[in-house]
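The block underneath contains the structure these notes are about, expressed in structure tokens.
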Number of protein chains: 2
Amino acid sequence: MKTNPRNPEVPQSEEAFLAGYDSSRFPRPSVAIDLVLMTVEDGELRVLLLQRQEHPARGKWAMPGGFVGIDESVDGAARRVLKEKVRLSGIFVEQLYTFGEPDRDPRTRVISVAYFALVTAHTLRAALKSQAKEQLTLATIHTPWAGERGGAVEVRDGTGTGLQLAFDHAEILGVAVKRLRGRLKYSPIAYQLLPDEFTLRMLQTVHEAILSRELNKDAFRRRVLGLGEVKATGRLESDVDHRPAELYRHCPVTNE
Amino acid sequence: MKTNPRNPEVPQSEEAFLAGYDSSRFPRPSVAIDLVLMTVEDGELRVLLLQRQEHPARGKWAMPGGFVGIDESVDGAARRVLKEKVRLSGIFVEQLYTFGEPDRDPRTRVISVAYFALVTAHTLRAALKSQAKEQLTLATIHTPWAGERGGAVEVRDGTGTGLQLAFDHAEILGVAVKRLRGRLKYSPIAYQLLPDEFTLRMLQTVHEAILSRELNKDAFRRRVLGLGEVKATGRLESDVDHRPAELYRHCPVTNE
DNA sequence: ACAGCATATATGCATATCGCATCTATGTCA
DNA sequence: TGACATAGATGCGATATGCATATATGCTGT
């Protein structure tokens, strides 16, 4: 057991410790946020990555991140980074997990609160088009594991070439995919990845991309319609070379 | 939108920011952990609380916590606090959620990573008996909300008197109960709250205490036995004034 | 105009699960 | 020895799901 720099404080209660806490006495870790921004495009689950221009991990890919200001909430820092680096706001953002190993960043002690965000591919592409200054990409996520197991994942660019992730970002992304899969069945999270009006086939494609497996079409339709979370609009999709399907809307069901 | 102390850094990339980061230039928040240590005793879900001896929130009840050292992992800090304040180690501990509102602690900026831990009431009572120096209690948790909704909770001592929780600890505890309920169905978490050998009735009681509702006995038995996660020992419980039930053991099923 | 095609949408059926009720078994205790 | 409380097993209807089949409809090529 290594020496604890706060050993002299051990006999104190938390309260005494806090009351006598001298903020300059012990070094504090930096606190950052990392943003796992995912979308479904062309039937694939994808994540926004930036290629690092500087050492360390130069040339590797990382998810956007930033430090938490002393006067802003951690959630607020996540929304700020989303706005500053991706030019997006108002989309679904949820805290994922906090990564706090001392050596996860080679330069200094950084504790990172990871967030995952979801947005339609259309909205994301529009936001990215307005600022092509940074080297960024929408990479496809491949999970070597099935179900909701979790673990590190692989990412590939449009040509199928594998991309190297910086730091512990492969692990972070794995946790994000695991969380996303776990929430899919019991929360209306998939609608974050669809436009306001969508067909049941589009909804199923989103589910299949997230779960990385095919679903039974009829059971899927029955379950979705039975949940009462979608409402038929009466309108039909257009610009398809086959029979157009009916368009639905997500109607959040009141939690009685 | 309030002024961001790091506005001058905005045009920089994360990488440039990190590379040129001067650790003395911007104030860093303190990082702490809070430990939600829960157990099931007398068919009730209970949580370990300490009464605060100092201001602020003097006299109110709080969950044990402590600061994260500069050289220890956040998980390690949680295990250390568990060991130092509760004299327990080797039990189930899992990260819960990070609470990062700027005003959640009135003294200074503290970002807290909450953990939840589970242990049998027997083990916890034994650990507490060896150190009655601090004002602590095992309070019963009452959730005004049903299902897995979440929200603040109430705690009461053995006489049914409500206890006031300090800071945002009612919210933290609510998130812990919500997480515990959500995990119950799909993870073998309940066995953390039972001795090595237990009856199916004891297992059901743990589930009912966590969910705060009664379960169908036969359906519960069938589901548990069907999952193949328990193994009959052939032995029977003793010291009961009725027909003794068979004792079972938890046998972790191999994730194929 | 019309046949063919691809997909949408609806229906039927076997199976598995779950809630509920009923029945039997087995220990303690008066 | 019998009442009693709980353990443990069985049957049944309702519901969800996987799979197959049948029908509907817009588009396209001839």
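Each chain gets a letter, A, B and so on, in the order its sequence line appears, and its residues count up from 1. Only heavy atoms go into these numbers, but all of them, side chains included; no hydrogens, no water, no symmetry mates.
- For Ser73(A) and Asp75(A), the side-chain atoms include no donor-acceptor pair closer than 3.5 Å.
- The residue among Phe220(A) and Glu246(B) whose nearest nucleotide of DNA chain D is located toward the 5' end is Glu246(B).
- Set against dA9(D), dA8(C), dG19(C), the side chain of Arg221(B) has dA9(D) as its closest nucleotide.
- Per the geometry, OH belonging to Tyr248(A) stands 10 Å off C1' belonging to dA8(C), to the nearest Å.
- Note: CG (Leu236(B)) to P (dG27(C)) measures 7 Å, nearest angstrom.
- Along DNA chain C, the nucleotide nearest Lys217(A) and the nucleotide nearest Asp241(A) are compared for position; the residue whose nucleotide lies closer to the 5' end is Asp241(A).
- Using the six-membered ring where Trp is involved, Tyr191(A) and Phe198(A) have ring planes that are tilted, between 30° and 60° apart.
- Proximity note for Ala245(B) (side chain, C-beta onward) versus dC18(C), dT9(C), dG8(D): the nearest is dG8(D).
- Atom CE in Met202(B) sits about 15 Å away from atom C1' in dT6(D), given to the nearest Å.
- For Arg243(B) against dA5(D), a side-chain-to-base donor-acceptor contact under 3.5 Å is absent.
- Across all their heavy atoms, Val153(A) and Gly174(A) have their closest contact at CG1-CA, 3.6 Å.
- Between the NE2 atom of His242(A) and the P atom of dA3(C) there is a distance of 23 Å, rounded to whole Å.
- Taking the six-membered ring for Trp and the full ring otherwise, Tyr97(B) and Tyr115(B) have centroids separated by 6.0 Å or more.
- Across all strands, Arg222(A) comes closer than 4.0 Å to base atoms (heavy-atom distances).
- Rounded to whole angstrom, the span from the CG atom of Leu215(A) across to the C1' atom of dT17(D) amounts to 12 Å.
- When each of dA7(D), dT9(C), dT10(D) is scored by its nearest atom to the side-chain atoms of Asp218(B), the top-ranked nucleotide is dT10(D).
- For dA7(D), the OP1/OP2 oxygens have a side-chain nitrogen or oxygen of Arg201(B) closer than 4.0 Å.
- If you measure from atom CG of Leu225(B) to atom P of dC18(C), you get 12 Å, rounded to the nearest angstrom.
- Between Ile91(A) and the choices Thr120(A), Thr39(A), Leu82(A), the side-chain contact (heavy atoms from CB on, under 4.5 Å) rule is met once, by Leu82(A).
- With rounding to whole Å, Asp239(B) atom CG is found 16 Å from dT6(D) atom P.
- Of the candidate nucleotides dC20(C), dC19(D), dT7(C), dC19(D) has the atom lying nearest to any side-chain atom of Asn216(A).
- For the pair Leu203(B) CG and dA7(D) C1', the interatomic distance rounds to 15 Å; values are reported in whole Å.
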